[in-house]
Amino acid sequence: ACCASSPLLRNLAARGYADLWGIDFRLGSLEGLRHPAVRYLHADLARAPFPAASFDAVTCLSVIEHGCDLPEVFAEMARLLRPGGVLLVSTDYWPRRETTAFVPRRHTFGLPWRIFNRRDLARLAQAAAAAGLQRAGEWDPSAGERMVTWNGCRYTFFAFELRKPR
């Protein structure tokens, strides 16, 4: 979901995975990332044009920090997943609040941008649970070092797995 700047689908296809779909509302930025075995659609993450229970797995990498309505997105991902399906998510993260208000949108794909913090993760977990998605394992919100520098901000990533119950 929102695959325009990610090589993930191309890499999965190169390793023999099949029935791969990418949706994004910015498909023009896919040049150089496309793979002939992947089907790409111009679509909204919160209103994907697929029937319910279409996928065993969905990835949403470095997306939710760009102005997504979390309850809406998690509800849609839960709808798309088959029972037992997995949602893999990553987001920009630092345990304490970091401001991104000074960064012009022209530097953030024209979208809002935030760095999630420890409190945000609790709200995120609540939104996922309300959509019927379960955390796979415990989340460790500690962060050792700021490994990412982008737009004058230093942070790391928080990656997690959610599952749709069988």
Side-chain angles (χ1 to χ4, degrees), residues 1-93 100 103-116 120-121 123-136 139 148 150-151 153 155 157-166:
C2 297
C3 61
S5 61
S6 172
L8 178 64
L9 289 169
R10 182 188 68 217
N11 291 339
L12 288 171
R15 284 163 181 74
Y17 287 87
D19 198 20
L20 298 168
W21 291 84
I23 65 168
D24 205 308
F25 63 92
R26 297 175 316 123
L27 288 181
S29 59
L30 277 172
E31 297 314 313
L33 293 174
R34 289 183 184 265
H35 189 283
V38 178
R39 290 169 278 186
Y40 298 94
L41 293 175
H42 183 272
D44 183 341
L45 170 67
R47 289 165 209 66
F50 301 103
S54 291
F55 297 98
D56 292 319
V58 175
T59 62
C60 195
L61 307 177
S62 292
V63 172
I64 62 171
E65 63 269 21
H66 292 290
C68 290
D69 179 304
L70 293 176
E72 188 177 64
V73 167
F74 287 139
E76 182 66 353
M77 296 302 103
R79 185 188 74 79
L80 292 174
L81 286 170
R82 293 182 180 119
V86 176
L87 172 62
L88 301 173
V89 182
S90 72
T91 190
D92 298 351
Y93 176 74
T100 57
V103 180
R105 283 197 179 178
R106 71 179 180 274
H107 296 295
T108 60
F109 314 109
L111 300 168
W113 174 51
R114 68 188 285 190
I115 298 171
F116 280 73
D120 295 326
L121 291 185
R123 287 192 286 269
L124 187 149
Q126 289 172 341
L133 298 171
Q134 300 173 338
R135 289 193 282 183
W139 290 359
V148 179
W150 191 54
N151 288 319
C153 297
Y155 55 95
F157 294 114
F158 188 81
F160 56 95
E161 175 184 341
L162 297 168
R163 289 191 175 268
K164 183 174 181 176
R166 292 195 180 275

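The shown structure was predicted, so the numbers you read here are calculated from the model rather than taken from an experiment.
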Nearest 0.5 Å, please: how far is [atom2] in [Y] from [atom1] in [X]?
{"X": "L9", "Y": "T59", "atom1": "CG", "atom2": "OG1", "result": "6.0 Å"}
{"X": "F74", "Y": "L162", "atom1": "CZ", "atom2": "CG", "result": "5.5 Å"}
{"X": "E76", "Y": "L87", "atom1": "CD", "atom2": "CG", "result": "11.5 Å"}

For a quick test of reading the model, state the closest non-hydrogen atom pair linking [X] to [Y] and the distance between them.
{"X": "R82", "Y": "S54", "value": "NH2-O, 3.0 Å"}
{"X": "A13", "Y": "V38", "value": "CB-CG2, 4.0 Å"}
{"X": "F157", "Y": "S62", "value": "CE2-OG, 3.8 Å"}

Under the 3.5 angstrom rule, does the side chain of K164 hit a backbone N or O of A78 as a donor-acceptor pair? yes
Inspect the surroundings of OH in Y17 and state if more than 12 heavy atoms from other residues, nucleotides or ligands are less than 6.0 Å away. no
Polar contact flag, side-chain donor to acceptor under 3.5 angstrom, W113-D92: yes
Near-ring test Y40/W21, centroid separation under 6.0 angstrom: no
Please lay out, stage by stage, how I23 and H42 fare under the test side-chain contact (heavy atoms from CB on, under 4.5 Å). CA-CA 6 Å; I23 65 168; H42 183 272; over 6 Å; no
Establish, for the pair R105 and F109, whether the NZ or CZ atom is under 6.0 angstrom from the six-membered ring centre and no further than 45 degrees off its axis. no
Is it true that R135 and E161 have a side-chain N and a carboxylate O under 4.0 angstrom from each other? no
Going through the distances and angles, do F158 and F116 end up as a ring-ring contact (aromatic ring centres under 6.0 Å, His included)? CA-CA 9 Å; F158 188 81; F116 280 73; 9.4 Å; no
